[in-house]
Amino acid sequence: MQNGDQHYSMEDETYTDIDGKAISLECQSHSGFCREFTVSSAKVSIGRVMAYTCAVWLSAYIIFFVTENTAVLSSAIIITLVGMMVHIHFVKVDHETLLIIGSLGVQVSSSYASGRESTDFIEMGKIKDIVINEAIHMQTVIYYLCILLKDPSDPEAVSSVVPLFQSSKPRLNCLVKVYKSCQEILAKC
């Protein structure tokens, strides 16, 4: 770590996602104007992958046994392998990072199980605020952290909303920690 960096894991409190699965929150303070938040979810479960693979291959074997068509087995193998690769490369996010730099902007990154990363940067001049918003899904209220972007034609209006931590979906107690820290930095700008 560089001089002045404070790295701490917020482990005095346990965090879960909206489905009740354990997640972790790490905060790294690079300076008074720069903080980095990383929300990590569980790694890919080998047992779960094996269960899905066995179910698909067992179904294919039963169909093969009845029809005696070898294309069924080949298709099951190919579909399973392609499905796993697509899931690991495009769906399964290992961790999401929010880096807020006082006068510069906000960088949002997602790291996938395959090692692929996607990163977006939003300039501070385009940011109106960072807020905790709520949505109703089925019969449940879901809270999420989001960035409100200024409308270029009317600086007092909001042009769009950028949700954060879309894959890890942390619960409110985790979002409040990140929100308060972000507000401290935004207040200094």
Side-chain angles (χ1 to χ4, degrees), residues 8-28 35-56 59 79-80 83-100 105-122 126-151 156-187:
Y8 52 97
S9 180
M10 298 183 169
E11 293 186 19
D12 54 334
E13 193 171 345
T14 57
Y15 299 106
T16 58
D17 65 9
I18 60 173
D19 297 321
K21 297 175 190 160
I23 58 173
S24 66
L25 172 65
E26 290 186 27
C27 178
Q28 192 169 2
R35 291 196 187 126
E36 184 174 12
F37 304 94
T38 302
V39 177
S40 302
S41 53
K43 302 286 183 193
V44 175
S45 166
I46 298 299
R48 197 175 198 180
V49 170
M50 291 296 290
Y52 286 128
T53 303
C54 289
V56 169
S59 302
I79 288 171
T80 304
M84 283 191 294
M85 288 190 304
V86 166
H87 179 75
I88 287 171
H89 193 69
F90 294 108
V91 178
K92 178 60 179 126
V93 174
D94 278 342
H95 62 271
E96 296 174 284
T97 303
L98 171 69
L99 174 65
I100 181 166
V106 174
Q107 177 178 298
V108 181
S109 303
S110 296
S111 297
Y112 293 82
S114 66
R116 181 176 76 93
E117 291 196 18
S118 78
T119 303
D120 293 314
F121 183 79
I122 303 169
K126 295 180 179 179
I127 297 173
K128 181 169 178 64
D129 202 359
I130 296 176
V131 298
I132 295 177
N133 208 351
E134 61 184 29
I136 298 174
H137 178 69
M138 302 297 251
Q139 297 166 339
T140 308
V141 176
I142 298 171
Y143 298 96
Y144 61 96
L145 194 66
C146 60
I147 300 173
L148 303 179
L149 299 179
K150 292 178 185 173
D151 187 344
E156 295 303 313
V158 174
S159 67
S160 63
V161 175
V162 179
L164 304 171
F165 306 121
Q166 292 183 68
S167 293
S168 52
K169 298 180 177 100
R171 288 188 186 249
L172 185 59
N173 63 341
C174 182
L175 295 175
V176 168
K177 296 267 186 190
V178 177
Y179 168 78
K180 286 181 179 178
S181 194
C182 288
Q183 290 300 319
E184 286 175 18
I185 292 175
L186 291 175

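Note that this is a predicted model, so its numbers are computed, not measured.
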Can you measure from [atom1] ([X]) to [atom2] ([Y]) and round to the nearest 0.5 angstrom?
| X | Y | atom1 | atom2 | result |
| --- | --- | --- | --- | --- |
| R35 | C27 | CZ | SG | 6.5 Å |
| Y143 | L175 | OH | CG | 10.5 Å |
| F165 | C174 | CZ | SG | 7.0 Å |
| C182 | K177 | SG | NZ | 14.0 Å |
| Q28 | E26 | CD | CD | 8.5 Å |
| L149 | S160 | CG | OG | 4.0 Å |

Practice item. Go through the side-chain N and O atoms of S168 and E96 and say whether any donor and acceptor fall under 3.5 Å apart. Key: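 The answer is yes; a qualifying pair exists.
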Review point. Taking atom types as modelled, is there a side-chain donor on T38 or H95 under 3.5 Å from an acceptor on the other?
Key: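 No.
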Sequence-distant partners of [X], side-chain contact (heavy atoms from CB on, under 4.5 Å), two or more places apart:
| X | value |
| --- | --- |
| T80 | T53, V56, W57, M84 |
| Q107 | L99, S109, T119, F121 |
| A113 | V44, I88, K92, D94 |
| T16 | R171 |

Exercise for review: With sequence neighbours excluded, tell me which residues meet side chain to side chain donor-acceptor pair (under 3.5 Å) with S110.
Suggested key: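 Applying side chain to side chain donor-acceptor pair (under 3.5 Å) to S110 gives none.
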Do [X] and [Y] make a side-chain contact, defined as non-hydrogen atoms from C-beta onward lying under 4.5 Å apart?
| X | Y | value |
| --- | --- | --- |
| P170 | D17 | no |
| L145 | V178 | yes |
| V108 | T97 | no |

Kindly give the heavy-atom pair with the smallest separation between [X] and [Y], and that separation in Å.
| X | Y | value |
| --- | --- | --- |
| F37 | I100 | CE1-CG2, 4.2 Å |
| P163 | C146 | CA-CB, 3.9 Å |
| D151 | S159 | CA-CB, 3.5 Å |
| F90 | Y112 | O-CE2, 3.3 Å |

Practice item. Determine, step by step, whether I122 and V162 satisfy the side chain to side chain contact (heavy atoms under 4.5 Å, CB included) criterion, reporting the C-alpha distance in whole Å, the side-chain angles of both residues, the deciding distance to 0.1 Å, and the verdict. Key: CA-CA 10 Å; I122 303 169; V162 179; 4.2 Å; yes
Which atom pairs, donor and acceptor, lie under 3.5 Å between side-chain atoms of residues 127-137 and protein residues at least two apart or in another chain?
residue, atom, partner, partner atom, Å
K128, NZ, E156, O, 3.1
D129, OD1, Q183, NE2, 3.1
N133, ND2, Y144, OH, 3.1

Review point. Within a reach of under 6.0 Å around NZ of K150, are more than 12 heavy atoms found that belong to other residues, nucleotides or ligands?
Key: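 Atom NZ in K150 is crowded, with more than 12 foreign heavy atoms closer than 6.0 Å.
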